[in-house]
Amino acid sequence: MPYSIAIDGPAGAGKSTIAKAVARELGYVYIDTGAMYRAVGLYCLNNGINTNDESSVVASIKDIDISISYDEEGAQQVFLNGENVSSKIRTQEVGAAASTVSQYQPVRDLLVALQQKLASKTSVVMDGRDIGSKVLPNADTKIYLTASVEERARRRAKELMEKGETCDIREVEKEIEERDYRDMHRENSPLIKVPDAVLIDSSDLTIDETIDSILDIVIKR
Ligand code: DC
């Protein structure tokens, strides 16, 4: 039976960095589910579909094909209708579009089916918002990874600055708060900490300390 680790938490908590490293340590496949919602968000932006208009987004699902593969270094690549969009989806604009389209149940149905199929074949570390609650409710280990809004904004601003982009830290904080609110208060599969998930607040932890605390939980299971 494949083994599964679910890591949920708000935007900017470091889920992907941590999940990737945990997967590497354990020899599991890392699945970034946010990238799939981002690909749907990108499709809407590219095709002039108003992400706030649920019926237009839902009507476009039939034209969207999302698939996943792994490059030679094992990094997940996301394909939107055959095009590798892995870099294009990494903008704040696409992140916000992803958060909006992820509210719609038919979008979730499409992507959850793909995620469950991937996890049925091999041991995975999967990160997202609804992994422990909906995608893999029977996951062997569930983690809820969070950090304070201030710390998440500081990390995001540092990332943007490293990419040569300027930003206003207050603006980044505001965007994070808005995204948290939308992700936690939507009707369909909101971000929640399920009772059987272990809470890790990484505000005062280094990346290595966070990885080690998850590996400890997996080993002690
Ligand atoms: O983790 P991320 O920032 O790449 O995710 C982008 C958006 O996609 C996020 O704001 C909410 C949505 N999402 C979701 O609803 N369910 C998931 N399992 C993963 C992401």
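When a ligand or atom number is given, it counts from 1 through the structure's own listing order.
At least one heavy atom of R186 sits less than 4.0 Å from an atom of ligand 1.
Side-chain polar atoms of S102 and R186 form a donor-acceptor pair below 3.5 angstrom. Between the side chains of S86 and N84, a donor-acceptor pair is found at a separation under 3.5 Å. Judged by distance alone, the side chains of R129 and Y37 never bring a donor and an acceptor atom under 3.5 Å apart. Side-chain contact check for Q92 and E175: at least one donor-acceptor pair (N or O, by modelled atom type) lies under 3.5 Å. In summary, the side chains of D53 and S55 do present a donor paired with an acceptor at a separation below 3.5 Å, with no hydrogens or angles considered. For Y30 and D127, the side-chain atoms include at least one donor-acceptor pair closer than 3.5 Å.
The only option from E150, R152, E171 that meets the side-chain contact (heavy atoms from CB on, under 4.5 Å) definition with I176 turns out to be R152.
Considering backbone and side-chain atoms together, R108 places an N or O closer than 3.5 Å to an N or O of ligand 1. Considering backbone and side-chain N/O atoms, T33 comes within less than 3.5 Å of an N/O atom of ligand 1. Checked by distance only, ligand 1 and D127 stay at 3.5 Å or farther apart across all their nitrogen or oxygen atoms. Considering backbone and side-chain atoms together, R179 places an N or O closer than 3.5 Å to an N or O of ligand 1.
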Check: Checking salt bridge (charged side-chain N to carboxylate O under 4.0 Å, His left out) for the pair K174/E178: CA distance, chi angles, key distance, verdict?
Finding: CA-CA 6 Å; K174 198 168 138 261; E178 280 169 10; 3.8 Å; yes
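Closest to atom 8 (O) of ligand 1 among all protein heavy atoms lies Y37 CB, 3.4 Å. Ranking the protein heavy atoms by distance from atom 4 (O) of ligand 1 puts R38 NE, 2.6 Å first. Of all protein heavy atoms, the one lying nearest to atom 18 (N) of ligand 1 is D130 OD1, 2.8 Å. Given atom 9 (C) of ligand 1, the protein heavy atom at minimum distance is R129 NH2, 3.3 Å.
Near A98, the atoms of ligand 1 lying under 4.0 angstrom from a non-hydrogen atom of the residue are 6 (C), 7 (C), 8 (O). In the vicinity of G128, heavy-atom distances shorter than 4.0 Å reach the ligand 1 atoms 17 (C), 18 (N), 19 (C).
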